[in-house]
Amino acid sequence: MINVTLKDGSIKQIPAGTTVLELASSISQGLARAAVAAKINGEIKDLNTKLEEDAEVEILTLDSEEGLAVMRHSTAHLLAQAVKNLFPGTILGIGPAIANGFYYDFDSEHVFTPEDLEKLEAEMKRLAKEDYKFERQELTREQALDYFQQKGEKYKVELINDLPGEARISIYTQGNFTDLCAGPHVPSTKMLKAFKLQSIAGAYWRGSEKNKMLQRIYGLAFAKKSDLDDYLNKLEEAKKRDHRKLGMELDLFSLHDEGPGFPFFHPKGMVLRNILEDFWREEHLKRGYVEIKTPIILSRSLWEQSGHWDHYKDNMYFTKIDDQDFAVKPMNCPGGMIMYKSKLRSYRDLPIRCGELGLVHRHELSGVLHGLLRVRSFTQDDAHIFMLPSQINEEIIGVIDLIDYFYKVFGFEYHVELSTRPENSMGSDEDWEMATNALKEALETKGLEYKVNPGDGAFYGPKIDFHVKDCLDRTWQCGTIQLDFQMPEKFDLTYIGEDGEKHRPVMIHRVVYGSLERFIALLIEHYAGAFPVWLSPVQVRILPISDRHNEFANIVETVLKEEKVRVEIDQRREKINYKIREAQTAKIPFALVVGDKEMETDSVSVRRYGEQETAVMNLNDFVSLIKTEIITKKINDKGLVQ
RNA sequence: GCCGAUGUGGCUCAGGGGUAGAGCAGCUCACUCGUAAUGAGCAGGUCGUCGGUUCGAAUCCGACCAUCGGCUCCA
């Protein structure tokens with residue numbers, strides 16, 4: 001007999017050799033039916049795994065993310081089986097579980113079409129009903145190589161060759177289909193019920209553009225049909241808050257063929273932008289920052305000195321002035337270096353926190369452009385902090401706190417990543433290690449959880465990245481803190497120390513919004529276009545009921561304008577219902593209806609965006625209400641759900 | 001840049017080898033109206049661009065451009 005510790009802490013005695021499924025049955029039949037896999041001492045295994053010694057066992061069902069992942073992975077195998085049946089000769093890539101579903105990469109002469117997806121889905125449903133068992137088999141390396149070589153599965157052969165020597169090689173078979181796979185899998189295809197093939201995309205084998213591009217089929221898979229439907233609905237809802245759609249509807253910005261990746265900001269978009277800039281200046285001033293502006297075009301020699309010419313050329317735009325080479329800046333730092341060097345600096349001056357709302361241009365590949373989230377010209381809310389080595393920790397923490405403060409004001413949730421030294425970077429390993437450790441230390445001081453992104457740093461230093469989600473849960477890097485020992489060296493930056501000698505300062509590059517464009521896109525999606533009052537391009541729309549109320553409406557407008565409220569009047573000769581509807585679809589936070597009743601009492605009838613009920617209040621009361629919301633930057637949580 | 005899809009009036013979309021259609025928006029007129037669409041009329045497109053096939057192309061073919069979904073890359 002062996003002792004099995006269950007999830008709830010209880011210990012069960014069972015005979016050695018009992019399978020996990022039998023264990024589940026002994027607990028309850030319901031659990032046995034719902035079980036998809038099990039976590040044995042932290043490792044996820046098949047249900048028919050035999051328990052030979054004492055262990056901690058957790059039976060996984062589709063109620064857990066881990067159970068879902070197993071099921072999704074099994075669904076990927078089901079797709080591969082369907083593809084093999086319908087398109088014989090297809091060579092298999094890989095097919096993992098991902099958030100909400102799975103994908104599988106295929107190499108096929110046949111180009112998959114959306115119609116094929118329907119056929120494949122039907123075939124998958126047919127196969128699922130066949131109740132094929134997922135059977136695991138372990139092979140030696142030679143057997144595995146033989147098997148897949150014979151079948152012409154060259155990618156699988158490559159994978160096997162790359163497996164470490166001691167790895168156990170396993171294959172899984174369901175019906176007529178066998179795949180190389182570490183597992184685990186659900187017991188049978190009949191557990192695969194709620195899935196849908198979603199899209200076809202190209203994807204490089206092993207994620208390298210040097211390799212062949214395979215055809216990737218994406219699918220969704222959930223525990224039950226209603227979960228799948230819920231998710232599909234969520235996708236539909238998400239489309240409604242897409243910043244590209246809302247940006248046009250709300251007249252914030254536009255994109256045109258004449259300038260791919262170069263957004264046009266409309267008057268209302270500019271209001272939003274300017275508020276973000278005002279807020280930024282205010283908060284930075286409080287924290288001891290100064291602001292500069294450096295040129296957009298600078299000479300080739302500067303970019304050679306900074307290393308951009310060697311490390312960033314592919315992303316830069318060039319021009320000639322009087323036969324000399326110049327480049328349009330892709331980053332603000334070299335300009336900041338020149339500013340620093342424009343006079344002698346003392347240790348007493350440090351840290352210098354030097355901000356710049358700098359417009360940068362980067363040549364991004366055409367296929368990556370995406371609304372305001374990925375553009376070719378954008379404004380970074382940059383700053384370069386020049387400091388003594390002893391100030392590093394404190395300054396990094398200062399920036400972390402600043403970013404956290406900003407994101408909280410907007411109600412953004414974020415996650416943090418630490419990106420380390422990339423290939424093709426400058427500087428010594430010691431410098432990189434020092435810089436990376438400094439960033440880590442600051443993160444740990446703050447107790448922030450972070451994910452490490454190996455090789456994802458800038459060419460001059462490691463960085464802490466702050467990521468925010470868009471409407472489809474794709475994350476976008478916004479804030480970043482980069483520690484740089486290289487630029488000060490390259491530009492021979494110095495300060496005069498206490499000892500009267502020259503010393504090398506250390507530098508931080510950092511942004512809070514990241515880019516105004518990206519941040520605005522994320523704000524639009526976050527609020528679904530219904531901005532909190534302080535950000536709203538139009539805060540109030542006055543709706544006179546008929547012509548005879550226009551005069552009073554004008555008075556209300558004047559009063560609000562005096563208080564710097566952004567207000568407009570809808571004086572068209574339309575019915576009040578119509579005007580209200582339009583104010584709502586324009587997502588204006590306050591619609592003020594004024595008619596006879598209001599005129600007599602110097603009041604306004606206040607209707608908030610997204611609410612049905614109205615409140616008649618004295619004009620002065622409304623002024624103080626809206627002003628409070630503006631000053632406190634109140635977030636209207638109604639805007640977050642639609 | 002790579003793979004696939006898409007491109008018809010300001011927007012959403014129908015149509016499809018014989019020189020273009022709807023709804024919304026816009027404009028005009030009437031209605032002066034109490035919390036999500038008043039009615040009538042008018043106007044608006046060389047069907048992404050350039051080539052080719054054809055008696056004839058918006059429709060078929062090709063190239064290019066842009067957009068969308070991915071991949072790679074990034075704020």
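Residue numbering restarts at 1 for every chain, and letters A, B, ... go by the order of the sequence lines.
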Would you mind reading off the distance between [X] atom [atom1] and [N] atom [atom2], rounded to a whole angstrom?
X: A:Phe253; N: B:U67; atom1: CZ; atom2: C1'; result: 13 Å
X: A:Phe466; N: B:A75; atom1: CZ; atom2: P; result: 14 Å
X: A:Glu574; N: B:U35; atom1: CD; atom2: P; result: 16 Å
X: A:Phe112; N: B:G4; atom1: CZ; atom2: P; result: 13 Å
X: A:Lys575; N: B:A37; atom1: NZ; atom2: C1'; result: 9 Å
X: A:Asn211; N: B:G1; atom1: CG; atom2: C1'; result: 15 Å
X: A:Asn453; N: B:C73; atom1: CG; atom2: P; result: 11 Å
X: A:Leu372; N: B:A75; atom1: CG; atom2: C1'; result: 13 Å

Categorize [X] for me: base, sugar-phosphate, or nothing, with a 4.0 angstrom heavy-atom threshold over every strand shown.
X: A:Arg216; value: sugar-phosphate
X: A:Arg548; value: sugar-phosphate
X: A:Leu543; value: nothing
X: A:Tyr513; value: nothing
X: A:Asn577; value: sugar-phosphate
X: A:Lys597; value: base
X: A:Val511; value: nothing
X: A:Val111; value: sugar-phosphate
X: A:Ile576; value: sugar-phosphate
X: A:Gly595; value: base
X: A:Ala201; value: base

Hey, does the side chain of [X] come within less than 4.0 Å of [N]'s phosphate (OP1/OP2), counting only N and O?
X: A:Arg376; N: B:A75; result: no
X: A:Arg244; N: B:C68; result: yes
X: A:Tyr204; N: B:C73; result: no
X: A:His370; N: B:G69; result: yes
X: A:Lys463; N: B:A75; result: yes
X: A:Arg607; N: B:A36; result: yes
X: A:Gln584; N: B:A36; result: no
X: A:Arg474; N: B:G70; result: yes
X: A:Ser605; N: B:U35; result: no

Pi stacking test for A:Tyr578 and B:A36: under 5.5 Å apart, planes under 30° =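 Not stacked by the 5.5 Å and 30° rule.
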Between N or O atoms, less than 3.5 Å apart, protein on one side and nucleotides 43-49 of chain B on the other: list the pairs.
none

Which nucleotide in the set [options] lies at the smallest distance from any side-chain heavy atom of [X]?
X: A:Asp596; options: B:U32, B:G34, B:A75; result: B:G34
X: A:Phe378; options: B:U35, B:A75, B:G34; result: B:A75
X: A:Glu364; options: B:G1, B:U35, B:C73; result: B:C73
X: A:Pro260; options: B:G1, B:U35, B:U67; result: B:U67
X: A:Ser546; options: B:G1, B:U32, B:G34; result: B:U32
X: A:Glu598; options: B:A37, B:U38, B:U35; result: B:U35
X: A:Met213; options: B:C2, B:A36, B:G26; result: B:C2
X: A:Arg362; options: B:C71, B:C74, B:U67; result: B:C74
X: A:Gln477; options: B:A75, B:U35, B:G69; result: B:A75
X: A:Arg572; options: B:U72, B:G26, B:A37; result: B:G26

[atom1] atom, [N] versus [M]: distance in rounded Å?
N: B:A75; M: B:C2; atom1: C1'; value: 23 Å
N: B:G69; M: B:A36; atom1: C1'; value: 34 Å
N: B:G4; M: B:U8; atom1: C1'; value: 22 Å
N: B:A58; M: B:U49; atom1: C1'; value: 14 Å
N: B:C71; M: B:U19; atom1: P; value: 46 Å
N: B:G21; M: B:G44; atom1: C1'; value: 13 Å
N: B:A22; M: B:U35; atom1: C1'; value: 31 Å
N: B:A14; M: B:G23; atom1: P; value: 16 Å

query = Considering residues, nucleotides and ligands other than A:Lys293, do more than 12 of their heavy atoms fall under 6.0 Å from its NZ?
reply =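 Enclosed.
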message = Do A:Arg273 and A:Phe253 form a cation-pi contact, if we require the NZ or CZ to be under 6.0 Å from the six-membered ring centre and within 45 degrees of the ring's axis?
response =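 Pair A:Arg273/A:Phe253 does not count as cation-pi.
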key: Cation over ring face, A:Arg421 and A:Phe459, 6.0 Å, 45°   =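 No, A:Arg421 does not sit over the ring of A:Phe459.
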request  = Using the six-membered ring wherever Trp is involved, compare the ring planes of A:Tyr460 and A:His308 and label them parallel, tilted or perpendicular (cut-offs 30° and 60°).
outcome  =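 Tilted, since the angle between the ring planes falls between 30° and 60°.
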request  = Please tell me which of A:Val594 and A:Pro114 maps to the more 5' nucleotide of RNA chain B, matching each residue to the nucleotide holding its nearest heavy atom.
outcome  =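 Result: A:Pro114.
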key: Closest-nucleotide 5' rank along RNA chain B - winner of A:Asp465 and A:Leu255   =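 Final value for this comparison: A:Leu255.
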Pairing nucleotide - B:C47, Watson-Crick or G-U, each distance under 3.5 Å =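 For B:C47, the partner nucleotide comes out as none, under the 3.5 Å rule.
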ask   = Do you know which of A:His370, A:His467, A:His415 makes ring-ring contact (aromatic ring centres under 6.0 Å, His included) with A:Trp476?
value =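 Between A:Trp476 and the candidates, ring-ring contact (aromatic ring centres under 6.0 Å, His included) is satisfied uniquely by A:His370.
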request  = Using ring-ring contact (aromatic ring centres under 6.0 Å, His included) as the criterion, point out the one residue from A:Phe406, A:Phe466, A:Phe519 that pairs with A:Phe412.
outcome  =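 Exactly one option meets the ring-ring contact (aromatic ring centres under 6.0 Å, His included) with A:Phe412, and it is A:Phe519.
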ask   = Would you say A:Phe552 and A:Asp602 make side-chain contact, with heavy atoms under 4.5 Å?
value =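 Yes; the side chains approach each other to less than 4.5 Å.
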request  = Could you tell me whether the side chain of A:Glu574 reaches within less than 4.5 Å of the side chain of A:Glu582, counting heavy atoms only?
outcome  =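 No. Closest side-chain heavy atoms not under 4.5 Å.
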task = Considering only NZ, NE, NH1 and NH2 on the basic side and carboxylate oxygens on the acidic side, decide whether A:Lys234 and A:Glu237 come within less than 4.0 Å.
result =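 No.
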